[in-house]
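Report on the structure given below.
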Amino acid sequence: VQGDTAGAERQLKALLASQPKHVKARELLASIHLENGRVPEAQETLEQGVAQVPAHLVFRYQLARLYLERGEEARAVSLLEDARRQGHSDPELPAFLAALYQRTGRHAEAVKSYQVALAAKPQEGRWWVGLGISLETQQDSDAARDAYRHALDTGRLASNLARYAEDRLRALVAH
């Protein structure tokens with residue numbers, strides 16, 4: 001039996017009207033909006049969440065993903081850079097920023113952000129691959145090779161990412 005989504009939504013909105021900083025209620029409301037394809041409402045709910053509870057990074061991450069889906073990379077970058085300026089220490093933050101920098105062709109910034117993330121979580125293989133990609137784009141083949149090797153050494157890569165790292169490593173060793 002399908003739940004009463006409309007009723008749940010009404011209750012969540014009522015709760016947020018009286019307790020706008022209620023994190024779980026806002027997360028649930030945003031997910032209901034997204035599940036029902038109501039992206040503008042989800043975006044508004046998350047934007048209000050960022051305004052009400054700026055320290056709660058989940059709102060920023062979800063909102064940044066929404067911005068990305070709409071091709072608004074600059075807004076996503078700005079949202080996460082603002083969190084970084086506020087001093088958040090979650091290693092996912094610089095890693096997410098690094099991926100955004102990479103996507104927007106800002107490889108020097110991507111390298112720095114990946115290095116910050118990897119200093120906190122050196123076992124995160126996908127971040128090593130990201131670092132390798134940006135290093136390679138900057139023509140730093142030696143450092144890119146090292147990054148791809150580190151990625152493979154973690155033993156924690158999805159098979160397609162491991163194949164990519166192996167391919168890039170072979171290509172860079174051949175040069």
Side-chain angles (χ1 to χ4, degrees), residues 27 30-31 33-34 37 39-40 42-47 49-51 53-175:
E27 285 179 2
S31 71
H33 291 323
L34 288 172
V39 175
Q43 180 177 323
E44 183 181 337
T45 299
L46 292 169
E47 286 171 345
V50 169
V53 192
H56 190 63
L57 290 176
V58 171
F59 294 149
R60 289 180 189 269
Y61 295 157
Q62 290 176 326
L63 189 54
R65 286 185 188 96
L66 285 182
Y67 289 157
L68 283 176
E69 287 173 15
R70 297 176 58 195
E72 298 180 44
E73 283 91 355
R75 277 182 90 180
V77 168
S78 176
L79 181 69
L80 297 184
E81 283 178 339
D82 181 52
R84 186 185 58 201
R85 280 190 297 278
Q86 293 174 15
H88 290 283
S89 60
D90 178 11
E92 294 287 332
L93 180 60
F96 197 163
L97 257 174
L100 290 175
Y101 289 145
Q102 191 173 71
R103 185 172 171 154
T104 56
R106 295 161 63 181
H107 292 282
E109 289 168 282
V111 166
K112 288 179 194 163
S113 286
Y114 275 127
Q115 289 169 335
V116 169
L118 285 162
K121 279 179 85 174
Q123 73 284 11
E124 197 60 66
R126 60 197 165 101
W127 298 350
W128 283 107
V129 172
L131 177 61
I133 291 167
S134 283
L135 287 166
E136 199 174 340
T137 302
Q138 291 188 293
Q139 313 294 305
D140 191 343
S141 298
D142 291 342
R145 270 195 303 273
D146 290 344
Y148 291 132
R149 277 192 196 104
H150 278 294
L152 292 166
D153 289 347
T154 66
R156 299 177 56 169
L157 288 177
S159 60
N160 60 331
L161 216 45
R163 271 193 307 279
Y164 178 83
E166 289 165 356
D167 290 347
R168 293 313 310 142
L169 196 52
R170 272 194 297 279
L172 289 169
V173 169
H175 284 119

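Side chains are part of it too, since the values below use all heavy atoms of this structure and drop only hydrogens, waters and symmetry mates.
- Side-chain contact check for L68 versus L100: some heavy-atom pair is nearer than 4.5 Å.
- R60 contributes a side-chain N or O that, together with a main-chain N or O of P54, makes up a donor-acceptor pair within less than 3.5 Å.
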Self-check item: Evaluation steps, side chain to side chain contact (heavy atoms under 4.5 Å, CB included), between E47 and F59
Solution: CA-CA 8 Å; E47 286 171 345; F59 294 149; over 6 Å; no

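- Rounded to the nearest 0.5 angstrom, R126 CZ and L157 CG are separated by 10.0 Å.
- Among residues two or more places apart in sequence or in another chain, the side-chain hydrogen bond (donor to acceptor under 3.5 Å, both in side chains) test is passed with Y164 by none.
- Between V173 and R170, the closest side-chain pair of non-hydrogen atoms is not below 4.5 Å.
- Under the 4.5 Å side-chain criterion, counting only non-hydrogen atoms from C-beta, E92 is not in contact with L57.
- No side-chain heavy atom of E124 sits less than 4.5 Å from a side-chain heavy atom of P91.
- Smallest separation of non-hydrogen atoms from S113 and R84: OG-NH1, 4.1 Å.
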Taking it one step at a time, do L93 and Y61 satisfy side chain to side chain contact (heavy atoms under 4.5 Å, CB included)?
CA-CA 8 Å; L93 180 60; Y61 295 157; 3.6 Å; yes

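- Checking side-chain atoms of T137 against main-chain N and O of I133 turns up a donor-acceptor pair under 3.5 Å.
- For the pair T104 (side chain) and Y101 (backbone), a donor-acceptor distance under 3.5 Å is present.
- Using a 4.5 Å heavy-atom threshold, the side chains of H33 and V39 count as separate.
- Nearest heavy atom pair, residue A30 against residue A42, reads O-CB, 3.8 Å.
- Counting only distance, with no hydrogens or angles, the side chain of Q102 and the backbone of G130 share a donor-acceptor pair below 3.5 Å.
- Among all heavy-atom pairs drawn from S141 and L172, the shortest one is OG-CD2, 3.8 Å.
- In this structure, CG in L135 is found 11.5 Å from CZ in R145, a value given to the nearest 0.5 Å.
- Here the side chains of R168 and E166 are not in contact, with every heavy-atom distance at 4.5 Å or above.
- Although no hydrogens or angles enter the test, the distance criterion places no donor-acceptor pair under 3.5 Å between the side chain of W128 and the main chain of Y114.
- To the nearest 0.5 Å, atom CD of residue E136 and atom CG of residue L169 are 10.0 Å apart.
- Side-chain contact check for L34 versus Q62: every heavy-atom pair is 4.5 Å or farther apart.
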